[in-house]
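Data first, discussion second: the structure below is written as structure tokens.
Only heavy atoms go into these numbers, but all of them, side chains included; no hydrogens, no water, no symmetry mates. All of these numbers come straight from a predicted model, not from anything done at the bench.
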2 protein chains.
Amino acid sequence: MEGNDKLTEDKIFEAATTVFEEQGMTGARMQNIADRAGINKALLHYYFRTKDQLFDAVFSKLAQKMFQKFSPIFEENLSLEDKIRFFIKEHINFLKENPKLPGFIIHEINRNPQRIKKMLRNVDFKILWSAILKHHSDELGDYNITEENLPQIMTTIVSLTVFPFAARGLIEVIFSNVGVDFDKYIEERKEFAAEFVIKAIKK
Amino acid sequence: MEGNDKLTEDKIFEAATTVFEEQGMTGARMQNIADRAGINKALLHYYFRTKDQLFDAVFSKLAQKMFQKFSPIFEENLSLEDKIRFFIKEHINFLKENPKLPGFIIHEINRNPQRIKKMLRNVDFKILWSAILKHHSDELGDYNITEENLPQIMTTIVSLTVFPFAARGLIEVIFSNVGVDFDKYIEERKEFAAEFVIKAIKK
DNA sequence: AAACAGTTTAACCGAATGGTCAAAAGTATT
DNA sequence: AATACTTTTGACCATTCGGTTAAACTGTTT
């Protein structure tokens with residue numbers, strides 16, 4: 001049979017994703033993953049020989065999923081302001097669907113910085129970054145954006161979208177105390193963060 | 001003897017802090033902590049009965065250390081703008097000394113949200129937050145700050161300081177590719193983030 | 001229907017890990 | 001110097017965990 005083939009592997013992959021996202025590599029248990037996938041533990045090792053291999057597969061997939069979402073930044077067609085609005089809105093929408101992703105990626109990168117180093121070895125950010133400046137060269141006179149402060153601005157924008165999800169557990173406790181709903185806060189954040197950034201960079 | 005007493009317990013606590021910060025609760029090994037402290041593993045259990053108790057002690061200490069740094073926000077004496085400048089600068093200075101703290105706290109809260117819920121049970125953020133508005137009530141006419149968007153603004157400021165350290169492993173890889181030095185970036189961030197926020201909230 | 005190939009399982013294994021214990025070493029008290 | 005108390009250690013234990021193995025099961029080919 002071939003149909004069930006992919007099904008089993010996918011079931012494993014999904015279960016592994018859930019468990020790894022929640023517990024991290026070191027906290028995850030192969031037995032737990034097997035249980036969630038509704039299969040025998042030996043079958044896990046039949047499809048993915050070791051825990052490390054299974055983790056690598058999951059991590060690569062999730063990291064790619066995360067990084068892919070940044071590609072719209074490096075394309076043209078929108079004005080700078082609209083691009084900022086579009087990116088922040090879409091990125092928050094993406095994170096709403098994958099709320100555990102930031103915490104997972106952050107922790108696993110901290111635990112093993114080499115892995116991400118290897119993954120991004122062949123990406124030339126220099127070209128990507130200068131592309132941004134080039135795309136909006138005619139608009140740049142209206143904003144406080146230079147090659148020098150681009151790292152500050154880029155990390156700032158990402159901070160605004162990612163941090164609330166990474167620190168969600170903490171933020172939710174505080175918000176519940178103040179009577180704020182996290183989901184509503186996230187919904188409002190799309191516009192707030194975008195206008196916040198635009199206001200800040202405008203000359 | 002009493003002098004050596006505290007010394008041993010402190011050596012253990014320091015070693016445990018290092019290991020837990022780097023590996024997290026689930027990745028840490030009691031043997032590793034014992035080795036780092038230069039003592040026998042049995043002695044670990046003599047001072048801290050179980051791994052959970054040792055972890056709780058370390059986590060509580062580190063969480064308190066982190067939260068304490070927010071107290072200047074809730075005191076008066078400075079203008080709103082200077083308070084923002086002061087907090088961001090001091091907070092980044094603090095994080096420079098404790099760069100692993102954000103990732104550690106974030107991960108452990110995600111792994112067990114209940115722990116932080118219990119820790120902050122008796123803190124009334126509502127009072128703290130309204131104190132901010134009260135302290136600067138005379139200045140508020142000049143800024144786009146209301147009780148409604150305070151959650152957005154507060155989380156925004158914290159995002160700007162904390163995220164670079166949480167995601168340091170990733171940011172450093174990208175920066176090294178673009179030829180930016182992380183330490184220099186952090187140094188510049190003190191002023192950048194403060195002026196960024198002030199510009200954004202000014203009417 | 002027999003041989004074959006891929007899939008799934010139950011039972012098992014060895015190493016790692018958190019934790020214990022009794023004895024040794026060290027320190028203070030008398 | 002004898003006693004009593006605390007600290008430190010080496011050896012050990014029980015359990016958990018990642019991983020293996022051989023056999024059973026399923027569908028396909030001949």
Could you check how far [atom1] of [X] sits from [atom2] of [N], rounded to whole Å?
{"X": "A/Phe55", "N": "D/dG19", "atom1": "CZ", "atom2": "P", "answer": "14 Å"}
{"X": "B/His45", "N": "D/dC13", "atom1": "NE2", "atom2": "P", "answer": "17 Å"}
{"X": "B/Gln31", "N": "D/dT9", "atom1": "CD", "atom2": "P", "answer": "12 Å"}
{"X": "B/Met30", "N": "D/dT16", "atom1": "CE", "atom2": "P", "answer": "17 Å"}
{"X": "A/Ile39", "N": "C/dT8", "atom1": "CD1", "atom2": "C1'", "answer": "9 Å"}
{"X": "A/Lys51", "N": "D/dT20", "atom1": "NZ", "atom2": "P", "answer": "15 Å"}
{"X": "B/Asn32", "N": "C/dG18", "atom1": "CG", "atom2": "C1'", "answer": "14 Å"}
{"X": "B/Asp10", "N": "D/dT7", "atom1": "CG", "atom2": "P", "answer": "14 Å"}

Side chain of [X] only, please: which of [options] is the nearest?
{"X": "A/Tyr47", "options": "D/dG10, D/dG18, C/dT7", "result": "C/dT7"}
{"X": "A/Asn40", "options": "C/dA10, D/dT6, D/dG19", "result": "C/dA10"}
{"X": "A/Leu43", "options": "D/dG19, C/dG18, C/dT9", "result": "C/dT9"}
{"X": "B/Thr50", "options": "D/dC17, C/dG19, D/dG19", "result": "C/dG19"}
{"X": "A/Lys41", "options": "D/dT8, C/dG19, D/dG19", "result": "D/dG19"}

Item to check | Of A/Ala42 and A/Tyr46, the one whose closest DNA chain C nucleotide lies more 5' | outcome: A/Tyr46
Is the distance between the ring centroids of [X] and [Y] less than 6.0 Å?
{"X": "A/Phe20", "Y": "A/Phe104", "value": "no"}
{"X": "B/Phe13", "Y": "B/Tyr47", "value": "no"}
{"X": "B/Phe70", "Y": "B/Phe87", "value": "yes"}

Next on the checklist: One thing to verify: whether B/Glu90 and B/Lys69 come together as a salt bridge, which I'm taking to mean a side-chain N less than 4.0 angstrom from a carboxylate O.
Outcome noted: no
Next on the checklist: Parallel, tilted or perpendicular, judged at 30° and 60°: which one describes the rings of A/Phe182 and A/Phe165?
Outcome noted: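 Judged by the thresholds at 30° and 60°, the geometry between A/Phe182 and A/Phe165 is perpendicular.
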Checklist entry - Does A/Arg49 put a side-chain nitrogen or oxygen below 4.0 Å from OP1 or OP2 of D/dG19? => result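 No, because none of the side-chain N or O atoms of A/Arg49 sits under 4.0 Å from OP1 or OP2 of D/dG19.
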Checklist entry - Is there a side-chain polar atom (N or O) of A/Thr8 under 4.0 Å from OP1 or OP2 of C/dT7? => result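 No, because none of the side-chain N or O atoms of A/Thr8 sits under 4.0 Å from OP1 or OP2 of C/dT7.
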Next on the checklist: Regarding B/Ala34, tell me which of base, sugar-phosphate or nothing describes its non-hydrogen contacts under 4.0 Å with the strands shown.
Outcome noted: nothing
